[in-house]
Visitor: 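Right, I'll just put the structure down here and ask away after.
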Amino acid sequence: MLDTSTLLIIDDCAADRKIYRRYLLQDPYQSYQILEADCAENGLALCQEFGCDVILLDFCLPDMSGLDFFDKLNQKIFDTPIPVIMLTGRGDEEVAVQAMKRGAQDYIVKQYLKPEVLQLAVRNAIKQSYLQAQLYKHRERQRLIATTALRIRQSLDLEQILNTAVAEVQQLLKCDRVMVYQFTSEIDGKTVACSIECCGSAQAYNNIQNVCNQVGGENQHWGCKLPMSDIYNAGWSNFYLQLLEQFKTEENLVAPIHLSNNDQQEDQLWGLLIAHHSSGERGWQPDEEEMLNELSVQLAIAIQQAELLAQTQAALTKEKQLNAFKSQIVATVSHEYRTPLTSILAAASTVIKHGQHLDDPKKQKLLGIIEHKARSMAKLVDNMLMVNQIELDKTRFQPIPLNLLQFFSDLMEQEQELISDRHELIFHSSGNYQDFWGDRGLLQQIFINLMSNAVKYSPQGGTVEVHLMGKESEVMFSIKDQGIGIPIADQEHLFQSFGRGSNVGTIPGTGLGLAIAKSCVELHGGKITLSSQVDQGTTVTVTLPKQPSLDYAKHF
């Protein structure tokens, strides 16, 4: 079947128009829809009403010359320039040159006109016009892509990048909505940006299966059309094949967002750039597919740059925190070591110089001071090392089955030997605490630090109660003291390193105990809470799952 082109003949001579029509209808290679006008103004009107693929223009017209017609034609707005073939009754080189300068595709003298000459000239003009239109379209597409890409990549904030991308792509493709869908796992994901507000806020679009119902196409391989047999042979997982089978190509266009991965040969499939159209029939053109794919590449670059910046900023922040932490450690160690060292040196010096004159009770008291202060210094070192490991993310969670009742009973005995007669330890247990898995070392850190705080901040003595409660899937233990309590304003920052209450006075301490306990609890996947009132004591409650979750097991 021959292609049909619309041709306009503008000539005031009806006989000449009839000849041109006859010649062109004899063309074996091209079919024409022919329009006729007897003056320039009528010709311009027909151009605007019907559109033309080529114009046969007589140089001498009753209302203006062919050259003047060119000027009028160039003032009109058409998607692409219309090729014009100039016809004249006499050969005039100057007229030919002027016609060509104005944009004529060809110049034919009527007296030498033959059917094959006219047919070839018109076909060449149409072909040349098509090539120019394709070139213009390609350049315009590249310009639009470059402009859109520039706007997308102007920001390094990921949320702004995604919101700019969907807005710009919607405007470029003139579709109903554009979405960015991010895969959060191999089988799930979420809509992270949408060009219309209701889409981004609708819960329905946060589930991959619901997005599948809105996005895709039968013969679509992430934006590249392939036969379904080719898709099944492409090595995709069953999840992606099921996703593809739900696509509707008449409504949607989808392009993958691939992030380059230097550590692996294959790029990471980060998500999808989705153009959706449902307000009427929409036949997606190949150049629109290409545009969406090119823009998905630009979006991927912008996403990667934003993520790299975020990682760099996070690393710098972490480095600053570590430097500040190291400075705090130095200051704390120098301060906290000075007092016990002074006591140790004084006691040791007394024993050395006057040991032969001291009775046994006096010697035992001095040796007890040395032992107690040495233990305090050793615990300070242990805490510093533990916090340093936590800050560097080097602490590992290694769960094993534990008999919690025996575990807590042993710890209570150890603590009882270390505390003074002013304090009384009470232990209660209830419920089902069997089948518990935990990290012995981390649990000891939690208990010892909480118990140390309970005793230390109860300088007047009193009861310290420990409650162990077992439930079906979790265990809880709480440590309650009758100490000085904690002001409400101080409670927020107590779980941070070096955080202490404003009412501790001269009671020594580093403010690391609760920070260590919290980190150890979180490594178990549990939570720690605190309730306290000034002069009425403090209760710290720890809740731990009996079995570590799969996420924690994979992570650690």
Side-chain angles (χ1 to χ4, degrees), residues 137-185 188-208 210-211 214-216 222-224 252-264 266-277 284 287-322:
K137 192 173 184 180
H138 176 75
R139 288 177 176 172
E140 181 65 10
R141 188 185 76 192
Q142 292 303 314
R143 185 189 67 80
L144 291 172
I145 290 174
T147 302
T148 303
L150 178 63
R151 289 172 181 161
I152 291 173
R153 295 173 64 179
Q154 279 178 336
S155 173
L156 287 174
D157 177 74
L158 182 57
E159 182 179 359
Q160 187 174 348
I161 287 169
L162 297 175
N163 289 331
T164 301
V166 294
E168 292 292 334
V169 174
Q170 181 185 20
Q171 185 175 0
L172 184 61
L173 295 180
K174 295 179 173 57
C175 55
D176 291 338
R177 106 168 48 88
V178 173
M179 296 183 290
V180 173
Y181 187 86
Q182 181 184 5
F183 292 110
T184 55
S185 68
D188 201 4
K190 60 180 180 179
T191 300
V192 291
C194 189
S195 58
I196 56 175
E197 183 178 353
C198 62
C199 172
S201 61
Q203 289 294 326
Y205 286 93
N206 286 333
N207 181 279
I208 182 64
N210 290 328
V211 173
Q214 298 291 330
V215 177
W222 303 135
C224 305
N252 303 276
L253 199 59
V254 184
I257 302 171
H258 285 292
L259 303 188
S260 63
N261 193 335
N262 296 328
D263 298 331
Q264 300 178 5
E266 294 185 0
D267 291 342
Q268 173 196 353
L269 180 59
W270 185 90
L272 305 174
L273 179 59
I274 304 159
H276 178 73
H277 194 84
W284 296 103
D287 64 318
E288 291 176 320
E289 293 180 31
E290 292 177 15
M291 279 197 289
L292 196 68
N293 278 318
E294 289 189 43
L295 288 171
S296 73
V297 173
Q298 297 297 327
L299 179 55
I301 294 172
I303 291 172
Q304 202 143 13
Q305 288 176 335
E307 290 186 345
L308 181 60
L309 176 64
Q311 292 169 6
T312 303
Q313 290 176 333
L316 289 173
T317 301
K318 185 70 173 179
E319 184 68 22
K320 289 180 180 178
Q321 290 173 345
L322 287 174

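Just so we're clear, the structure is a prediction, and the values are computed from it rather than from any experiment.
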Visitor: Just how far is it from atom CD1 of I303 to atom CG of L158, taken to the nearest 0.5 Å?
Guide: 6.0 Å
Visitor: Roughly how far, to the nearest 0.5 Å, is the CD1 atom of I152 from the CD1 atom of I301?
Guide: 10.5 Å
Visitor: Restricting to non-hydrogen atoms, name the atom on P256 and the atom on L269 that form the minimum distance, rounded to 0.1 Å.
Guide: CB-CD1, 3.8 Å
Visitor: Please enumerate all residues that pass side chain to side chain contact (heavy atoms under 4.5 Å, CB included) together with L308, with sequence neighbours excluded.
Guide: Q311, T312
Visitor: Supply the atom-to-atom distance D176 CG to Q170 CD, rounded to the nearest 0.5 angstrom.
Guide: 7.5 Å
Visitor: Check this for me: Q154, atom CD, are more than 12 non-hydrogen atoms of other residues, nucleotides or ligands nearer than 6.0 Å?
Guide: yes
Visitor: Just to verify, which of L173, L273, L172, L295 counts as forming a side chain to side chain contact (heavy atoms under 4.5 Å, CB included) with V178?
Guide: L273
Visitor: How would you list all residue pairs meeting salt bridge (charged side-chain N to carboxylate O under 4.0 Å, His left out) that involve residues 163-172, not counting sequence neighbours?
Guide: R151-E168
Visitor: Identify, with sequence neighbours excluded, every residue that meets side chain to side chain contact (heavy atoms under 4.5 Å, CB included) alongside T317.
Guide: Q321
Visitor: Could you tell me which residues satisfy salt bridge (charged side-chain N to carboxylate O under 4.0 Å, His left out) with R143, sequence neighbours excluded, listed by chain and number?
Guide: E140
Visitor: side-chain contact (heavy atoms from CB on, under 4.5 Å) between L299 and L162: does it pass, once the steps are laid out?
Guide: CA-CA 8 Å; L299 179 55; L162 297 175; 4.2 Å; yes
Visitor: How about S296 and L272: do any of their side-chain heavy atoms sit closer than 4.5 Å?
Guide: no
Visitor: About how many Å separate CD1 of I274 and CG of L292, when rounded to the nearest 0.5 Å?
Guide: 9.5 Å
Visitor: Calculate, to the nearest 0.5 Å, the distance between atoms CG and CG belonging to L316 and L309 respectively.
Guide: 9.5 Å
Visitor: For a quick test of reading the model, state the closest non-hydrogen atom pair linking L259 to A300 and the distance between them.
Guide: CD2-O, 3.5 Å
Visitor: Which atom names give the shortest non-hydrogen contact between R177 and C194, and what distance separates them?
Guide: CD-SG, 3.8 Å
Visitor: Once salt bridge (charged side-chain N to carboxylate O under 4.0 Å, His left out) is applied, do any residues pair with D287, and if so which ones, sequence neighbours excluded?
Guide: K137
Visitor: Could you pull out the closest heavy-atom pair between Q304 and S260, with the gap in Å?
Guide: NE2-O, 2.7 Å
Visitor: State which residues pass salt bridge (charged side-chain N to carboxylate O under 4.0 Å, His left out) with E307; sequence neighbours excluded, sorted by chain then number.
Guide: none
